[in-house]
J.: 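Structure provided below as structure tokens; questions to follow.
Reckoned from all heavy atoms, side chains included, excluding hydrogens, waters and symmetry mates. The structure displayed is predicted, hence computed values, not measured ones.
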Amino acid sequence: METESEPYVRLATLRQLHQVMADMNTARSLADTLQTVADGVVNGLGYELACVNLVRPDGDLVVAALAGNSAAEALITGRVGSRASWDRRLTMGEAWGDLRFIPHTEGWVLDEDDVPQWYTDGPAPRFEDEWHPADRLFAPMHTPGVSGGSNGELIGVLSVDRPRNGRRPGAWGREALQMYAFQAAIAISNARLRANMQRALVRLEREQQALRASEESFRQAFEYAPSGMAVAEMGGDQHGRILRTNDALCRLLGRPASAMRRYSFSDLVHPEDIGTLLRTSAEGGRAELRLGRRDGTYLWVSLRNSVVADAADGPRFLLTHVEDIEERKRRELQLAHRASHDSLTGLPNSAELRSRLGARLCSRPTETEPGVVDSIDAAYGHGPAEHSATGAGVYDANGHGFDYRPRSESFDAYDHHVHTVAPEGLTDDGTKGLAVLFCDLDGFKSINDRFGHNAGDSVLIEVARRLSGAVRDGDTVARLGGDEFVVLADGLGRADAQDLAVRLRNEIIQPIRVDGRVMRVGASFGIGWAHCGMTADEVLQSADERMYIEKRSRPKAHRRAG
């Protein structure tokens with residue numbers, strides 16, 4: 001999880017972690033949920049061992065689930081540790097946000113307490129952040145607050161061991177474990193709540209006396225649930241109309257209960273999420289979408305539906321659980337943004353640039369290239385195959401990929417793709433294409449040498465701001481690396497692209513003030529043209545070569561002045 005060389009590693013891990021979270025929220029029982037939580041740490045977070053210690057009604061913690069080692073599972077599952085011993089552990093060592101790390105140099109004092117544990121010894125760490133077999137890492141799980149915080153009572157503790165990469169988790173790994181513990185607490189709370197409601201429903205179906213007792217149990221579970229809940233009509237002309245909401249949901253949406261009864265969820269959902277809501281089945285359906293608050297803002301929530309019968313043969317109602325997932329969505333977006341954008345300038349990075357460029361290109365064979373058809377068919381075994389965004393992928397006008405089909409199925413699939421073409425010749429022939437402007441700053445190295453890298457960073461940030469402000473909405477400005485930038489501008493002719501390069505150069509050569517000093521840099525632009533049949537790297541290389549031709553053609557003394 002801590003590999004830093006490829007941004008896609010974090011995205012792949014995030015997708016796997018997202019699937020693990022979805023699995024533990026769809027488990028059928030509390031026991032299944034607890035085991036899914038333990039399995040998720042091993043399968044999604046990269047640890048070899050994971051244990052779920054659940055708080056019992058008497059306050060002590062029982063080992064409720066373990067994953068990663070069958071021998072350890074047989075040894076300690078079902079054993080109980082006192083709350084006092086656990087409280088001691090959760091106040092020792094180092095606080096990593098909500099996590100608690102006890103290094104092996106301190107943990108020896110815990111070897112004789114009554115907390116069930118597995119223990120192995122090992123050599124001293126060879127480097128600073130190497131994981132020692134006696135290191136301990138705990139992630140407390142609390143009942144979620146109304147606003148999505150983890151400030152409720154302790155419901156359990158996740159203990160993990162042996163990261164597969166052999167290192168103590170870094171900042172990203174710690175945040176992922178902390179976020180996972182928060183979501184696990186929600187899943188366990190919901191599993192308990194669902195179990196209580198299912199028992200209540202059984203009592204409701206039996207007899208009138210049990211019905212009255214169950215109604216009171218249901219009322220308390222509904223009213224005092226930590227998550228938002230609503231009862232809505234099911235079937236008929238008023239299907240979906242909200243009949244009753246609990247206080248948690250009213251606070252979550254900032255709407256009084258009396259006002260909530262005037263709406264259905266379709267009235268409150270974000271217009272873009274209507275389809276998601278409609279695709280959610282009435283019974284057992286689950287969806288993540290945005291609901292409107294009273295102040296006009298929207299909040300990301302997770303909806304889960306179940307059906308409640310009013311009596312043995314009476315009407316049925318839809319019970320909807322509403323969980324606040326705004327914080328998780330925000331973190332997902334932050335992690336995705338970090339993986340696809342330059343940390344200094346905030347512009348799309350090299351990988352994102354190639355992805356956007358590759359999404360516009362395809363390698364459609366032509367009638368003059370019969371060998372291309374055979375080579376593609378041979379490479380993909382005369383069957384559907386998905387191409388990468390930077391290779392021979394086929395994409396529609398919106399950048400969505402679809403499978404390649406062999407010659408026997410014709411090339412009808414390409415008809416859904418708006419092919420990118422380039423102007424021909426050296427004059428403007430009226431063709432509008434996708435211009436790729438490769439920009440290299442002139443005189444930037446001297447700024448780093450004279451004033452330091454902090455000044456250089458400030459210049460790069462300002463150049464990025466100027467480039468972004470000088471292009472149209474929908475154009476892409478990316479930082480390729482160092483002092484190199486790339487602009488993707490669609491729908492331009494040759495004259496348009498040349499005018500754009502002049503405007504961008506004029507923006508860049510304006511004085512830049514950094515810490516009271518006035519600095520100047522110049523810029524050399526190379527204009528390349530993307531067209532189907534090229535790869536993203538070929539397009540960038542073409543623009544790069546034109547940039548160097550343009551740089552060499554201008555006297556060195558005039559480069560900084562533009």
J.: Please give me the minimum heavy-atom distance between Arg168 and Phe101, naming the atom from each residue.
T.: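 Looking at all heavy atoms of both residues, the shortest contact is NE-CZ, 3.4 Å.
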J.: Glu323 vs Ser227, test: side-chain hydrogen bond (donor to acceptor under 3.5 Å, both in side chains). Steps then yes/no.
T.: CA-CA 6 Å; Glu323 295 287 352; Ser227 58; 3.2 Å; yes
J.: Can you give me the closest heavy-atom contact between Asn349 and His341, atom names plus distance?
T.: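 Heavy atoms of Asn349 and His341 come nearest at ND2-N, 3.4 Å.
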J.: Of Thr320, Val269, Thr276, which meets side-chain contact (heavy atoms from CB on, under 4.5 Å) against Leu303?
T.: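 Filter result, single survivor: Thr320.
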J.: Please report the shortest heavy-atom distance between Leu347 and Ser468, naming the atom on each side.
T.: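 Residues Leu347 and Ser468, closest heavy atoms: CD2-OG, 3.4 Å.
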J.: Under a plain distance cut-off of 3.5 Å, with no hydrogens placed, do Asp32 and Ser29 share a side-chain donor-acceptor pair?
T.: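 Distance-only check passes for Ser29 and Asp32.
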J.: Can you list everything that forms a side chain to side chain contact (heavy atoms under 4.5 Å, CB included) with Ala530? Sequence neighbours excluded, please.
T.: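 For Ala530, the residues satisfying side chain to side chain contact (heavy atoms under 4.5 Å, CB included) (neighbours in sequence not counted) are Leu357, Leu361, Thr420, Leu434, Val436, Val539.
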J.: Can you find a side-chain donor-acceptor pair between Asp295 and Thr297 that sits under 3.5 Å?
T.: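 Thr297 and Asp295 do have a side-chain donor-acceptor pair below 3.5 Å.
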J.: Can a side-chain donor-acceptor contact be found between Arg479 and Thr345 if the only test is distance below 3.5 angstrom?
T.: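 On atom types as modelled, these side chains do not qualify, holding no pair under 3.5 Å.
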J.: Is the closest basic N to carboxylate O distance between Glu507 and Arg503 below 4.0 Å?
T.: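 Looking at Glu507 and Arg503, the cut-off is not met.
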J.: Taking the side chain as C-beta and beyond, is there a heavy-atom pair between Phe317 and Val307 under 4.5 Å?
T.: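 SC-SC contact between Phe317 and Val307 ruled out.
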J.: For a quick check under 3.5 Å, do Gln334 and Arg330 share a side-chain donor-acceptor pair by atom type?
T.: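 Per modelled atom types, Gln334 and Arg330 side chains form a pair under 3.5 Å.
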J.: Hey, does Leu289 have a side-chain heavy atom less than 4.5 Å from the side chain of Val301?
T.: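 The answer is yes, as the side chains (C-beta and beyond) meet within the 4.5 Å cut-off.
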J.: Compare all side-chain heavy atoms of Phe438 with those of Glu484 and state whether any distance is below 4.5 angstrom.
T.: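 Heavy-atom side-chain distance check passes, below 4.5 Å.
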J.: For Asp490, give me all partners under side-chain hydrogen bond (donor to acceptor under 3.5 Å, both in side chains), at least two apart in sequence or on another chain.
T.: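 Listed in chain order: Arg360.
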J.: Checking Ser189 now: which residues fulfil side-chain hydrogen bond (donor to acceptor under 3.5 Å, both in side chains) with it, not counting sequence neighbours?
T.: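 For Ser189 there are no side-chain hydrogen bond (donor to acceptor under 3.5 Å, both in side chains) partners, ignoring immediate neighbours.
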J.: Would you please name every residue forming a side chain to side chain contact (heavy atoms under 4.5 Å, CB included) with Val42, sequence neighbours left out?
T.: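 Val42 satisfies side chain to side chain contact (heavy atoms under 4.5 Å, CB included) with Ala50, Ala67, Arg164 only.
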J.: Which pairs pass salt bridge (charged side-chain N to carboxylate O under 4.0 Å, His left out) with one or both residues in residues 256-273, sequence neighbours excluded?
T.: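 Residue pairs with at least one partner in residues 256-273: Glu272-Arg290, Asp273-Arg290.
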J.: Side chain to side chain contact (heavy atoms under 4.5 Å, CB included) with Glu288: which residues, sequence neighbours excluded?
T.: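 Glu288 satisfies side chain to side chain contact (heavy atoms under 4.5 Å, CB included) with His18, Arg286, Ser302, Ile325, Arg328, Lys329 only.
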J.: Looking at Tyr263, does the NZ or CZ of Arg255 lie under 6.0 angstrom from its six-membered ring centre and within 45 degrees of the ring axis?
T.: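 Yes, a cation-pi geometry holds between Arg255 and Tyr263.
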J.: How close do Trp96 and Pro169 get, heavy atom to heavy atom, and via which atoms?
T.: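 Nearest heavy atoms, Trp96 then Pro169: CZ3-CG, 3.8 Å.
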